[in-house]
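The structure follows.
Predicted model only: the values in this text are computed from it and were never measured.
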Number of protein chains: 2
Amino acid sequence: MNAITIREVAALAGVSVATASRVLSGNPATSPTSRARVASAAAELDFRPNAQARALRGARTNALGLLVSDVRNPFFADLAHTVEQAANLHGYVTLLGNANERADQQDRYLDTLISRRVDGIILAPVGEGSDSIRSLIAREIPTVFVDRTIAGMDLPSVTTDGTTGIRQAVEHLAAAGHTRIGYISGPQASSTGRDRFAAFTRCVTENGLSADPSLVYFGDYQAASGSAGVHALLGLREPPTALIVADSLMAVGAIASLHDRGVLLGVDLAMVAFDDVEWFALLNPALSVISHSVADMGRTAVDLLLQVIDGGTPASVVLPSELIVRASSAPAGTPGTPPRPPTPPAAPPAPTASHNSVRTH
Amino acid sequence: MNAITIREVAALAGVSVATASRVLSGNPATSPTSRARVASAAAELDFRPNAQARALRGARTNALGLLVSDVRNPFFADLAHTVEQAANLHGYVTLLGNANERADQQDRYLDTLISRRVDGIILAPVGEGSDSIRSLIAREIPTVFVDRTIAGMDLPSVTTDGTTGIRQAVEHLAAAGHTRIGYISGPQASSTGRDRFAAFTRCVTENGLSADPSLVYFGDYQAASGSAGVHALLGLREPPTALIVADSLMAVGAIASLHDRGVLLGVDLAMVAFDDVEWFALLNPALSVISHSVADMGRTAVDLLLQVIDGGTPASVVLPSELIVRASSAPAGTPGTPPRPPTPPAAPPAPTASHNSVRTH
DNA sequence: CGATTCCATGGAATCGTTTCCACGACGCAG
DNA sequence: CTGCGTCGTGGAAACGATTCCATGGAATCG
């Protein structure tokens, strides 16, 4: 770790450190001669400026923090990817943290991001507010929420309006004859969990469907709770004939559990999941989903954050969602019949929406 | 961004900065009195030490860099997760970078990691060596390779021995009567691409199967190349009756393409993919895979890196792989017959290996 | 009781970079 | 020829923490 400093570069170039610094940071007040000499000296020594020292003096670190609730969730993996690309475009490097859906890990990571003096933070919060998050606000560290928000914390955010998609899903299932729709919900401690659940209950009553509270299972956005939800709902005396699952990981767990039980998707049970994941279309039958554009969300989050860093107070953005109908939400079978022998799944109804994600205004 | 410094903490506590620093960094040479006063002052001001300044003076940053070739690849998402957890256990924070399977993005990220003076780097390299990687070695920055290596660069590494799994897969398919096995390979510019391809060709000849070079398609570990591979291989005059795909993303592309063509997995075409991804088991028919333990790989990589940081020169570790047979690799259909109407997939043969991943010694 | 050790403490140097300030050289207009 | 603005340059302060070193008081020992 024989680090080369700007001092050695200056010495080799035969100029002062001040001049070397000016050349290396693009300050125009330099002569062509010293520009050339410093540049070649830096190249020869393979000089890499120490970002710590640079950030210590200057105000900016040119780093953004992105804290997602679970990297293994394909939605957040995609989000990380788009955020990284967008940040890169603006000269920022992204430090990605993984809260693992746990508030303590989120706080630990937030603390290190604060310590490292990132220029701003994009946060998909877990829980309902912690000291670390309040600390963020008290220090006026530029922060935006993505995907989820926290009640009472007035920060710019990019979220999805799940209502449209959920309404479309409920109406679609109702039109297919389902009256008892099960719902595997996200945790009520998260804004998306609450909002989607509220939208679901509203749409269910609006469509005159069963509002039986036992049709709702509250999961935690992890695969295991999807399995548990299927177990609970199909164990009811009057099980649902259709199922809406509030995120992709729980959908994976739910599907695995249905497989184990020999319940055929799209035949014995209709299903729609929130979040469009590429391979959901590859399942047999392909899974109907409520889609929202992760690329737009990532780009918008970076845009908002950069505005906050520049001192602005941008308005929050709400992105649309929409139903994509595939074979898994075929018309209802007769409720209560035991699983039948495998038959080819019914032909999917004509899609009500294209697969292409909706662009934000 | 009204940052609180140790100076203000010291003032409030009524001690010198030196004492404050000692208390805050756990130096035992402090009196209980000042410990208490400094601690309460720090808490009251919500003091967060500036990691930049700390790292500037001291030698360590307590940060590791993890550079993966593609975050959206579930294998690397899982790896990121386990590495992060393991590093966390040792008090390190992980800076995750995404090379996007592109050498230029990898180099850009390596440069920022060098600039930020991370204590060590875990690298899943893209390409066959660049100036940035050579720079890493020249500076003696602790680095280990994970999943992939680069020929001629003698760094500790954790890799998977794909040979066992591929041999099992080829023998399994041969036993089922397949003689023409297609192979969608990873890029020959990557060590895993070369190694797995070499193992495949060796096993094919050993088992007396067709070594027709047109049965091999070279992809790039991205989904699109999986589709292209299916297109190329099924367009042959004598198409293969079985397919081995060298990674999970290309498998996704391949499966999508098979869907589009109406080719039934496990009926018209047997398939085995490298990398065990949770939801591959959920496909219908479930996908046979060559599994290797990503958790072991992540933990081992962190272990090796910590040894290198402590001045050691640990030996590289090779982890095992094994075939997990599921329904997608059913016995061969008659080659060349057009897709038949859907029938229930054949019952899977008895698994030759358990789903549980093999533990490293 | 005096000398010596121990220990908590504060002042100051240090890390590598940026940036303020002062200075000298130069060109140009009066 | 002198005065003034411009421009490139170097010295030194600054950023916020750690750590060496010296100091003074208390404790211990002969």
(request) Could you pull out all residues at least two apart from A/L155 that satisfy side-chain contact (heavy atoms from CB on, under 4.5 Å)? (result) A/I137, A/T143, A/F145

(request) Specify the separation, in whole Å, of atom CD1 of A/I4 and atom P of C/dC15. (result)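 Spelled out: CD1 on A/I4 to P on C/dC15 is 16 Å.
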
(message) Below 4.0 angstrom, which residues in residues 36-51 of chain A have at least one non-hydrogen atom near DNA chain D?
(response) none

(message) Is it the case that the side chains of A/R54 and A/N62 hold a donor-acceptor pair, with the cut-off being a distance below 3.5 Å and no angle test?
(response)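 On atom types as modelled, these side chains do not qualify, holding no pair under 3.5 Å.
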
(request) Could you list all the salt bridge (charged side-chain N to carboxylate O under 4.0 Å, His left out) pairs where at least one residue sits in residues 122-131 of chain A, not counting sequence neighbours? (result) A/E128-A/R194, A/D131-A/R134

(request) Mind listing the residues from residues 25-35 of chain B sitting with a heavy atom below 4.0 Å of DNA chain C? Number order is fine. (result)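 When residues 25-35 of chain B is checked for heavy atoms under 4.0 Å from DNA chain C, the hits, listed by number, are B/A29, B/T30, B/S31, B/S34.
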
(message) For B/R72, give me all partners under salt bridge (charged side-chain N to carboxylate O under 4.0 Å, His left out), at least two apart in sequence or on another chain.
(response) B/D70

(message) How many whole angstroms separate atom CZ of B/R57 from atom C1' of C/dT17?
(response) 16 Å

(request) Could you check how far CG of A/L24 sits from C1' of C/dG16, rounded to whole Å? (result) 12 Å

(message) Within the 3.5 Å criterion, strictly below it, is a donor on B/T149 or B/S157 matched to an acceptor on the partner's side chain?
(response)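 No - no donor-acceptor pair under 3.5 Å links their side chains.
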
(message) I'd like to know if A/R54 reaches the base of C/dT18 with its side chain, counting only an N/O donor and acceptor under 3.5 Å.
(response)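 It does not, because no donor-acceptor pair links the side chain of A/R54 to the base of C/dT18 below 3.5 Å.
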
(message) Please compare B/T19 and B/L56 by the position of their nearest nucleotide in DNA chain C and report the one closer to 5'.
(response)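 Between the two, 5'-proximity favours B/T19.
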
(message) Donor-acceptor pair, distance only, cut-off 3.5 Å: does the side chain of A/D119 make one with the backbone of A/T61?
(response) yes

(request) Determine whether the side chains of A/Y109 and A/S132 contain a donor N or O and an acceptor N or O closer than 3.5 Å. (result) no

(message) Keeping A/N98 on the side-chain end and A/V71 on the backbone end, is there a donor-acceptor pair under 3.5 Å?
(response) yes

(request) Pull out every stem in DNA chain D, meaning runs of 3 or more consecutive Watson-Crick or G-U wobble pairs with both distances under 3.5 Å. (result)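 For DNA chain D the paired stretches long enough to count as stems (3 pairs minimum) are C:1-30 with D:1-30.
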
(request) Rounded off to whole Å, could you give me the CZ-to-P distance for the B/R117 and C/dG16 pair? (result)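 Computing the B/R117:CZ to C/dG16:P distance gives 9 Å.
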
(message) Show every salt bridge (charged side-chain N to carboxylate O under 4.0 Å, His left out) that has at least one partner inside residues 15-42 of chain B, sequence neighbours left out.
(response)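 Listed once each, the pairs would be none.
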
All N/O contacts under 3.5 Å from nucleotides 21-28 of chain C to the protein, with atom names and distances to one decimal?
none

(request) Output all residues satisfying ring-ring contact (aromatic ring centres under 6.0 Å, His included) with B/F75, sequence neighbours left out; order by chain, then residue number. (result) B/H292

(request) Name the first nucleotide and the last nucleotide along DNA chain D (5' to 3') that come under 4.0 Å of a heavy atom in chain A. (result) D/dG8 to D/dG16

(message) Please list all pairs meeting salt bridge (charged side-chain N to carboxylate O under 4.0 Å, His left out) that have one or both residues in residues 81-105 of chain A, counting only residues at least two apart or in different chains.
(response)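 Listed once each, the pairs are A/E101-A/R148, A/R102-A/D104.
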
(request) Mind checking salt bridge (charged side-chain N to carboxylate O under 4.0 Å, His left out) for B/R60 and listing every partner two or more places apart, or none if nothing turns up? (result)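 By the salt bridge (charged side-chain N to carboxylate O under 4.0 Å, His left out) rule, B/R60 matches no residue at all.
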
(message) I need the minimum non-hydrogen distance between A/I114 and A/S135, along with the two atoms involved.
(response)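 Minimum heavy-atom contact is CD1-OG, 4.3 Å.
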
(message) Less than 3.5 Å apart, any donor N or O on the side chain of A/T112 or A/S115 sitting next to an acceptor on the other?
(response)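 The criterion, which ignores hydrogens and geometry beyond distance, is not satisfied for A/S115 and A/T112.
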
